[in-house]
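Below, chain A is the first sequence line, B the second, and so on; all start at residue 1. Scope of the values below: all heavy atoms of this structure, side chains included, with no hydrogens, waters or symmetry mates.
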Protein chains: 4
Amino acid sequence: MGRKQAIIESATRLFAQKGFAETSTAEIAEDAGVAHGTLFYHFKNKRGIIHEIFSIAGEVYLRSLKKVLCRQATGMAKIEALIRFNENYSRDHIQQIRIFQRFFPDPADDCDPEKMLLDSLKQQVMSLIKESLETGVCDGSIASVDIDKTAAVIHSLIFGITHMNLMESADTPKLTQGAIAFCRRALTPGGQDCQTV
Amino acid sequence: MGRKQAIIESATRLFAQKGFAETSTAEIAEDAGVAHGTLFYHFKNKRGIIHEIFSIAGEVYLRSLKKVLCRQATGMAKIEALIRFNENYSRDHIQQIRIFQRFFPDPADDCDPEKMLLDSLKQQVMSLIKESLETGVCDGSIASVDIDKTAAVIHSLIFGITHMNLMESADTPKLTQGAIAFCRRALTPGGQDCQTV
Amino acid sequence: MGRKQAIIESATRLFAQKGFAETSTAEIAEDAGVAHGTLFYHFKNKRGIIHEIFSIAGEVYLRSLKKVLCRQATGMAKIEALIRFNENYSRDHIQQIRIFQRFFPDPADDCDPEKMLLDSLKQQVMSLIKESLETGVCDGSIASVDIDKTAAVIHSLIFGITHMNLMESADTPKLTQGAIAFCRRALTPGGQDCQTV
Amino acid sequence: MGRKQAIIESATRLFAQKGFAETSTAEIAEDAGVAHGTLFYHFKNKRGIIHEIFSIAGEVYLRSLKKVLCRQATGMAKIEALIRFNENYSRDHIQQIRIFQRFFPDPADDCDPEKMLLDSLKQQVMSLIKESLETGVCDGSIASVDIDKTAAVIHSLIFGITHMNLMESADTPKLTQGAIAFCRRALTPGGQDCQTV
DNA sequence: GATGAATGAGATTTCATTCAT
DNA sequence: GATGAATGAAATCTCATTCAT
């Protein structure tokens with residue numbers, strides 16, 4: 001593994017655990033087993049490190065999510081898969097997810113490059129949720145709801161669930177199952193055919 | 001207004017805007033119009049400031065929430081009021097809420113006093129949600145669902161909504177209506193008797 | 001007990017335990033159970049406190065020592081009594097003695113008032129030792145030695161013994177007995193007339 | 001001379017002159033002609049500086065003392081050489097010796113690393129004194145005395161003499177001659193067989 | 001006589017970044 | 001490509017002292 005990769009991995013672990021401001025560049029260098037100066041050979045500055053982590057992690061997440069969604073037959077199945085995917089993904093990539101969840105920029109600052117990255121990521125996730133809902137409405141697996149509002153709600157729900165899961169140490173209280181049931185009740189059309197798992 | 005109160009207010013504003021680590025004590029002192037040393041006369045250290053903000057804000061939030069909930073006639077009304085309350089409260093107390101949402105301790109650290117405060121707060125909110133659901137099941141306004149799981153889902157949803165609202169500057173707050181509609185569909189006792197697993 | 005006395009006692013204990021610079025005025029005030037400001041009502045400043053401790057402790061020490069010495073019949077008995085007195089006194093007044101032993105001014109600074117106090121104290125002790133030696137030489141209990149040099153040696157010995165005793169926590173390894181035996185051998189007019197330089 | 005060495009030398013001078021607590025790290029840095037931050041690159045913290053001074057000075061002192069002692073023919077000569085060595089050494093290494101003499105830790109604190117260093121140094125000096133006495137008893141240059149007690153007395157005496165010498169600016173160092181005479185009288189095997197109590 | 005809130009100067013320490021090698 | 005010694009700015013915190021009450 002190259003030095004740059006080692007730095008990224010150490011930084012990811014440390015930022016996830018302690019936060020960006022609370023992690024020093026010296027600490028990252030030591031953890032990565034490289035000289036302190038090496039950090040600034042590979043990255044413009046400390047922000048440059050988290051920027052790279054952000055953009056890589058965002059891409060990987062999106063690609064994986066898309067792959068999962070397109071495998072599903074119905075719109076409702078996509079929604080369920082989305083919720084399940086999020087649980088699995090944040091279990092397997094705890095550190096990246098934790099960095100995302102920790103990130104909380106000044107909403108007034110429109111120039112923050114990380115904020116822009118994250119905003120674009122969010123918008124793409126929102127689009128995927130909307131597409132899933134539309135698919136569901138078409139194929140009859142989802143009741144005819146307001147697509148935009150519902151997508152925003154589901155997006156919030158997923159974010160909230162992920163956050164709760166990360167706050168607990170590891171016991172992961174099957175929030176996912178409850179969330180799927182909840183969504184199915186909310187979305188299933190009609191005299192409704194409330195299927196549970 | 002006493003100096004201590006001025007410090008708390010300045011710190012609240014600055015922590016909300018820039019984050020705890022990114023705000024210096026000198027900055028707080030200057031904003032509050034007191035000498036730098038005065039901070040440490042009134043608070044043991046920088047953490048002491050945020051601790052006080054946390055405990056006060058937590059109490060106020062809980063008290064207000066309880067007052068709103070007990071005014072509602074049915075369980076379903078309580079759930080809706082909860083969602084609406086959260087929107088209003090986080091609009092009127094943006095700074096406190098932002099500090100709460102920013103807070104992301106190391107889950108491994110069980111001694112963090114702020115974490116403990118927050119955990120206790122979360123548990124009390126969870127209890128209120130459960131009570132509301134139980135009331136709803138009794139009075140027939142809510143379908144018979146798994147109380148614990150559903151409460152956890154609603155809690156996550158509220159957290160997520162609040163977060164999304166805070167991330168946008170102020171323009172897109174209509175998440176609340178969508179969330180209420182979503183929950184109503186999920187919880188209203190339909191023709192069906194929707195059992196969760 | 002008046003507030004001033006309480007301050008002196010707390011300061012004595014704390015200075016002895018941790019040293020002058022390492023003890024804060026706030027700490028003294030708290031230990032004494034008075035307000036912080038009260039210290040500066042009774043004393044000009046922090047130095048003023050240790051100055052008072054010094055002068056009182058010096059006087060008490062000297063008075064006690066004189067009382068003990070004048071009770072002895074012979075010069076040799078005075079020397080032995082001096083050594084024994086030092087052990088007893090530093091056991092019973094550990095804190096004062098520790099403050100004295102800790103004190104180590106810049107030898108270049110001739111204006112230090114504490115240094116002057118201590119110098120005067122030392123000189124008076126030296127005089128008492130010389131008087132004892134002279135008495136001993138007259139009454140035949142002590143060999144004819146160089147009074148000045150011998151007094152200086154005994155003075156150093158006593159200081160060293162006291163220091164060693166204070167450095168050990170409490171086990172006090174009967175240095176005193178050994179010292180008395182040592183001095184007796186050195187001073188008793190022997191078969192030999194061991195004159196030196 | 002490297003920066004680290006410059007820091008050590010400046011710190012030694014300043015600690016000796018004004019004391020550890022009374023010397024600021026900024027002062028040391030300025031005196032050494034390095035940036036303030038450089039201190040903390042080379043040393044963990046302020047204590048780290050004095051720790052290094054202590055351990056180097058202790059080693060040098062012991063090595064020099066051993067070299068001097070093993071050159072002496074008889075036990076009594078060793079004792080005399082020890083006293084003389086101490087005068088010379090503390091004249092030539094005033095600063096290091098002054099730092100040692102100033103050091104006065106809380107005797108209750110058993111973890112103080114400087115205290116441990118000093119305790120080990122003291123014990124080694126004690127061993128050398130005992131060996132010298134034993135040699136002297138064997139070769140007949142020293143009367144048969146209680147080795148342990150006598151060693152402790154001589155150790156205290158040396159400490160006391162050094163202290164007195166350091167307290168005076170530089171003018172009155174003739175303590176050494178008196179001390180040698182005193183010890184010779186106390187230790188030379190005379191007509192009498194002076195038993196300790 | 002006594003208090004304690006307030007201060008400002010200064011202490012120690014951290015840390016991102018630079019740069020000569 | 002990589003290093004690590006060095007830096008200086010800034011951060012947190014301490015503390016003797018003052019002063020209005």
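Remark: P of F/dT14 and NE2 of B/H42 are 16 Å apart, rounded to the nearest angstrom. The separation between C/L39 atom CG and F/dC15 atom P is 14 Å, rounded to whole Å. Distance, C/F43 CZ to E/dT3 P: 14 Å, rounded to whole Å. What separates CD of C/E27 from P of F/dC15 is a distance of 8 Å, to the nearest Å. In this entry the distance linking CD1 of B/I49 with P of F/dA11 reads 14 Å, nearest Å. For the pair B/I28 CD1 and F/dA11 P, the computed distance is 11 Å after rounding to whole Å. Rounded to whole angstrom, the span from the CD atom of C/E22 across to the P atom of E/dT12 amounts to 12 Å.
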Taking Watson-Crick and G-U wobble contacts under 3.5 angstrom, with | marking pairs to another strand and [ ] crossing pairs, the secondary structure of DNA chain F is written .||||||||||||||||||||
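Partners of A/R47 by side chain to side chain contact (heavy atoms under 4.5 Å, CB included), not counting sequence neighbours, listed by chain and number: A/F20, A/N45, A/D112, A/P113, A/E114. For B/E59, the side chain to side chain contact (heavy atoms under 4.5 Å, CB included) criterion is met by B/R63, not counting sequence neighbours. Listed by chain and number, the residues in a salt bridge (Lys or Arg N to Asp or Glu O under 4.0 Å) with C/K4 are C/E52 (sequence neighbours excluded). Listed by chain and residue number, nothing satisfies the salt bridge (Lys or Arg N to Asp or Glu O under 4.0 Å) test with A/R3 (two or more places apart in sequence, or in another chain). Residues satisfying the side chain to side chain contact (heavy atoms under 4.5 Å, CB included) criterion with C/S55, sequence neighbours excluded, are C/L117. For D/K122, the salt bridge (Lys or Arg N to Asp or Glu O under 4.0 Å) test picks out no residue, with sequence neighbours left out. Residues forming a side chain to side chain contact (heavy atoms under 4.5 Å, CB included) with B/L62 (at least two apart in sequence, or on another chain): B/L121, B/Q124, B/V125, B/L128. For A/K46, there are no salt bridge (Lys or Arg N to Asp or Glu O under 4.0 Å) partners at least two apart in sequence or on another chain.
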Could you run through nucleotides 16-21 of chain E and give me one letter per nucleotide, 5' to 3': B if any protein heavy atom sits under 4.0 Å from the base, S if only the sugar-phosphate is that close, - if neither? BBB---
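Taken residue by residue, residues 11-19 of chain A places no heavy atom nearer than 4.0 Å to DNA chain F.
In summary, the aromatic rings of C/Y61 and C/H93 are positioned with their centroids too far apart to meet the 6.0 Å limit.
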List, one per line, each side-chain donor-acceptor pair under 3.5 Å for residues 6-13 of chain B, sequence neighbours excluded.
unit_1: B/E9; atom_1: OE2; unit_2: B/Q5; atom_2: NE2; d: 3.3
unit_1: B/S10; atom_1: OG; unit_2: B/A6; atom_2: O; d: 3.2
unit_1: B/S10; atom_1: OG; unit_2: B/D31; atom_2: OD1; d: 2.6
unit_1: B/S10; atom_1: OG; unit_2: B/A32; atom_2: N; d: 3.3
unit_1: B/T12; atom_1: OG1; unit_2: B/I8; atom_2: O; d: 2.6
unit_1: B/R13; atom_1: NH2; unit_2: B/D31; atom_2: OD1; d: 2.7

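C/F159 is listed as a side-chain neighbour of C/Q101, based on a closest heavy-atom distance under 4.5 Å.
Distances from the side chain of B/A35 to the nucleotides F/dT3, F/dT7, E/dT7 place E/dT7 closest. With distances taken from any side-chain atom of B/V34 to the nucleotides E/dT7, F/dA2, E/dT3, the minimum falls on E/dT7.
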